[in-house]
Number of protein chains: 2
Amino acid sequence: MALTEILNRPTLHEELVERLRALVVDDTLKPGEKIAEAQLCEAFGVSRTPLREALKVLASEGLVVLQANRGARVTEITAEELAEVFPVIAALEQLAGELAAERLDDAAIAAIQARHDEMIAAFRKGDRKSYFEANQDIHGALVEGAANAVLSAQHRTLATRIRRARFMVNLSEARWSEAIEEHERMMELLHARRGSELGQLMKTHMMNKFAAHLRALEEGASADSVIS
Amino acid sequence: MALTEILNRPTLHEELVERLRALVVDDTLKPGEKIAEAQLCEAFGVSRTPLREALKVLASEGLVVLQANRGARVTEITAEELAEVFPVIAALEQLAGELAAERLDDAAIAAIQARHDEMIAAFRKGDRKSYFEANQDIHGALVEGAANAVLSAQHRTLATRIRRARFMVNLSEARWSEAIEEHERMMELLHARRGSELGQLMKTHMMNKFAAHLRALEEGASADSVIS
DNA sequence: TGACTGAATTATGAATTCATTATTACGGTT
DNA sequence: AACCGTAATAATGAATTCATAATTCAGTCA
């Protein structure tokens, strides 16, 4: 019903943060693109004040860059950017793996296993979109499984920054099957609750993903390999 | 001279972010304290708009909490909070250690060694203040040595959140000398450029620090053991 | 006396206005 | 025709104003 809706109504700027973030992530606002305040205010039907507050927050998350008197731009995705974000995400996922193996209960692990199986099915069908979604869910569930709100928040922020890169790269079949194998081992280690090893694997898994992204970026620099 | 000053003049809200952060870190604004906008505006001589923008950023960093229509409060430091932040910082420092051992040149390592020696001297004299400062510098230098801006930024944000805890706890002599030993080993591993081991040690060093904080918090709950 | 109601006050959220800086467009000069 | 400088325009930074929600406090009644 509407009562709780009204009570939980977030402030305008919070809502704008989410909606702007979504626009950046789904590539409606493109990297490097200038953000016209007036235009967005028009689109959202709000005044500049809450919109500008939202931009400040997005800037502190690294999703947009602000230049005094020169407005806001969507942060560009460069190889250098990825080279800085991926290792940090990898470190966070290592921690997530260590903690999740300790803290997830059997039911939660079973749920992750189920999503893992769906991911495998998507892989067999060559369904990249379903694969990506299941993959995100699994990593997300492992991070949440660590039961550490700070870890979750940091991970989410950084994951958002690189999620946009999926619009730019088309991973090779070879890397894809390699990733699948890594995920199979991750599930084994999770069931066995070998947290230290799971963390280690999740870290290298993420760094392998990074390497694949770099390769795809270099190849795709000329060839247009946009997917999804 | 003033020319570059003027050119680099930050926007008001950026300056306010820094100054408010300083107030929170040095405990002028106390945990749980309500932040009166009008009062701060008066103190800084600015209008509410840039101040509120700054509060939004500080909230996204986790330093203050905002409640719709109910203003801002300084985030409380609880054992739960520390239990979430420390493991993440530890993971980041592990990464920092790995990278710093690879990337720091000999001169930079020598500079860290010098600061380390000063820290030892402060320890011998029982000068806690100098010790803490040198300690911060060393950890900061190692993080910077990783040459990863994202890592630096995340670390700085989280370090800020727990730095306030130093006002609350007085570490035991036993833990202090243990920490010194860990730092000695860190320097050895850094000189030997054994990044993996350095990272591992920095992680456990940080978790040991956390455990000491927890013990001090429990003891200090009744006894007033505020230092510095 | 103490708890409750409701008006008065205060503080916050958001829109608007004002001031200043960047950007663009135009015209003159070489 | 290309370049420079200046004026016009547009966009941003910050202050102010307005609307609304929360808090305070006086007064009432049990």
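For the pair Leu66(B) CG and dA11(C) P, the computed distance is 17 Å after rounding to whole Å. Rounded to an integer number of Å, the gap from CG of Asn69(B) to P of dT12(C) is 10 Å. Here the C1' atom of nucleotide dA15(D) and the CD atom of Glu42(B) are 15 Å apart, to the nearest Å. Atom C1' of nucleotide dA14(C) and atom CZ of Phe44(A) are separated by 16 Å, given to the nearest angstrom. Atom CG of Leu16(B) and atom P of dG13(D) are 14 Å apart (whole Å). For Gln67(B) and dA22(D), the CD to P distance is 11 Å, given to the nearest whole Å. Between Arg70(A) atom CZ and dT12(D) atom P there is a gap of 11 Å when expressed in whole angstrom units. Note: CG (Leu51(A)) to C1' (dA15(C)) measures 13 Å, nearest angstrom.
Between Arg52(A) and dG13(D), a side-chain N or O to OP1/OP2 separation shorter than 4.0 Å is present.
Ring pair His183(A)/His205(A): centre-to-centre distance below 6.0 Å.
Of all nucleotides listed (dT12(D), dT23(C), dT16(C)), dT12(D) comes nearest to the side chain of Lys34(A).
In summary, Arg128(B) and Glu133(B) do not engage in a salt bridge, as defined by a charged side-chain N under 4.0 Å from a carboxylate O. No salt bridge links Arg215(A) with Glu218(A); every basic N to acidic carboxylate O contact stays at or beyond 4.0 Å.
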Got a list of side-chain donor-acceptor pairs under 3.5 Å for residues 37-45 of chain B, not counting sequence neighbours?
unit_1	atom_1	unit_2	atom_2	d
Glu37(B)	OE1	Arg48(B)	NE	2.8
Glu37(B)	OE1	Arg48(B)	NH2	3.3
Glu37(B)	OE2	Arg52(B)	NH1	2.7

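Side-chain to base pairing of Arg48(A) with dG13(D): one donor and one acceptor N or O lie within less than 3.5 Å of each other. A donor-acceptor contact under 3.5 angstrom links the side-chain atoms of Thr49(B) to the base of dA15(D).
Residue Leu55(B) is classed as having no contact, given no heavy-atom separation below 4.0 Å to the nucleic acid.
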